[in-house]
Amino acid sequence: HIYENLPDWQRRKIGAAFSYCSAKFTNRSQIQGIPQGGDQIRMQTASGLFMDEAAFMPEAGDALAAAQPCIAGGGKLTMVSTAKPSFFCHFVTREGEFKEVPSGLASVG
């Protein structure tokens with residue numbers, strides 16, 4: 001949606017090829033949709049991860065643990081969500097096991 005609404009000159013400059021859950025750009029960058037779950041990210045290597053509605057992901061904690069190698073290697077994880085009691089809530093409010101934010105992560109809230 002964002003790409004399709006860019007001015008023509010910008011779309012020509014960056015170029016993109018789309019397939020199911022994937023956008024590949026001429027500068028060799030890629031956006032890939034990954035299903036939720038703790039085992040899904042294990043097969044991937046990413047420089048940036050974005051989790052939308054993380055409070056509603058039943059396996060968000062497992063996904064965060066699986067993403068640790070990407071994050072520790074210099075990647076970035078961004079998690080956003082509307083409110084709901086969950087793993088995400090405990091992580092953002094630093095409750096329970098998250099009194100200290102794990103190494104390589106930051107909490108902004």
Inset, instruction - Could you tell me whether the side chain of Thr26 and the main chain of Ile14 form a donor-acceptor pair under 3.5 Å? - result: yes

Legend entry - Minimum-distance pair of heavy atoms, taken over all atoms of Tyr3 and Ala16: OH-N, 3.6 Å

Inset, instruction - Would you give the length of the straight line joining atom CD of Gln36 to atom CG of Asp62, rounded to the nearest 0.5 angstrom? - result: 11.0 Å

Legend entry - Between CZ on residue Phe18 and NZ on residue Lys24, distance to nearest 0.5 Å: 12.5 Å

Inset, instruction - Looking only at non-hydrogen atoms, find the nearest pair between Ala54 and Ala60 and report the distance. - result: O-CB, 3.7 Å

Inset, instruction - Could you tell me which non-hydrogen atom of Leu6 sits nearest to which non-hydrogen atom of Arg11, and how far apart they are? - result: O-NH1, 2.8 Å

Inset, instruction - Report the distance from atom OG1 of Thr78 to atom CG of Asp52, rounding to the nearest 0.5 Å. - result: 11.0 Å

Inset, instruction - Taking all non-hydrogen atoms of both residues into account, name the closest pair between Phe50 and Val80 and its distance. - result: CZ-CG2, 3.6 Å

Inset, instruction - Evaluate the side-chain proximity of Ser81 to Met51: yes if any heavy-atom separation is below 4.5 Å, no if none is. - result: no

Inset, instruction - Look up atom CD in Glu59 and atom CZ in Phe87, then write down how far apart they are to the nearest 0.5 Å. - result: 12.0 Å

Legend entry - Spacing of OG belonging to Ser47 relative to CD1 belonging to Ile71, to within rounding of 0.5 Å: 12.0 Å

Legend entry - Contact summary for Lys84 and Ala55, nearest pair of heavy atoms: CD-O, 3.6 Å

